[in-house]
Amino acid sequence: MQLGDQQASDNVEDRRGIGMGGGLGIGGIVVAVIAYFLGFDPSTVINVAEQVGSQRETREAPKGAPKDEMGQFVAKVLGSTEAVWTKIFQQSKGQYRPPTLVLYDGQVRSGCGVAQSAMGPFYCPNDEKLYIDLSFFRQLQDRFRAPGDFAQAYVIAHEVGHHVQKLNGTMQQMETARGPQSNQISVRLELQADCYAGIWGHYAGAMKQLDAGDVDEALNAAVAIGDDRIQKQMQGHVVPEAFTHGSSAQRLRWLKRGLDSGRPQDCDTFGSGSV
Ligand SMILES: [Zn+2]
């Protein structure tokens, strides 16, 4: 990526090195890891973590763009998403309220309960914050074989996509509609967040922030974190009914759609019969 001219966002809370003390029991960690890799449902996973992680943070976290290289990268990607979504919201006479990105390591107390890095990056609608442990980026490269800075940016843009869903009301609508169709709704929310990540990527390209090969990095990452791919790795077989994020093919398709179109209305995963 070419982020030299991009202003770093100040909406970053740096909790790295602050920690929470305590530490989770082995059981808690195992449950959370499985729950995340088979698709992450914050309401169940975080409650499990809540029971085992108990102690509070003691120090105040610094706010603003961090100075280190990775912190700068994350703050610039966030700044880029703010520029894009502010413009898109303005076009429909809306106002974009940017989320805060929290960097942490190990575990963190969020507005959705205690979370830990094994769960991967997530968005908490209650406090409108994105939570990322940067060690996930190493996992993305080593474990999921999805290297590259734009693959990392896609992860951030996907969580920002969930924030957009909170702002435009989709998330609340779908939360109340949950029930027997719960997994189906979850898949459609996730695929829409992928598509929204693509929308950002579309404009990042227009702003000359992308290098040759960047788009392929993100597409490769989308394939690598598909539910079917992860299930196969974890349990040796695929259970489509248990999908919560969508298959590799679905994730690829919706990310690509966003990248190609740049129009949020093309990300209507709920309007189309099948995804
Ligand atoms: Zn998601």
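Heavy-atom basis, side chains included; hydrogens, waters and symmetry copies ignored. In each ligand, atom 1 is the first atom listed, and ligand 1 is the first ligand listed.
- Listed by chain and residue number, Arg97, Lys166 satisfy the salt bridge (Lys or Arg N to Asp or Glu O under 4.0 Å) test with Glu128 (two or more places apart in sequence, or in another chain).
- Under a 3.5 Å cut-off, the side chain of Asp194 and the backbone N or O of Trp254 do not form any donor-acceptor pair.
- Ring-plane geometry between His163 and Tyr123 is classed as perpendicular, the angle between the planes exceeding 60 degrees on a 0 to 90 degree scale with a lower cut at 30.
- The set of protein atoms (N, O or S) found at less than 2.8 Å from the Zn ion (ligand 1) reads His158 NE2, His162 NE2, Glu190 OE1, by chain and number.
- Between Tyr131 and Phe122, the angle of the ring planes stays under 30°, which puts this pair in the parallel group of the 30/60° scheme.
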task = Kindly determine whether Lys67 and Asp14 satisfy salt bridge (charged side-chain N to carboxylate O under 4.0 Å, His left out), including the steps that lead there.
result = CA-CA 10 Å; Lys67 297 277 176 283; Asp14 194 354; over 6 Å; no
request  = Step by step, work out the salt bridge (charged side-chain N to carboxylate O under 4.0 Å, His left out) result for Lys256 and Asp260.
outcome  = CA-CA 6 Å; Lys256 209 167 172 315; Asp260 290 342; 3.5 Å; yes
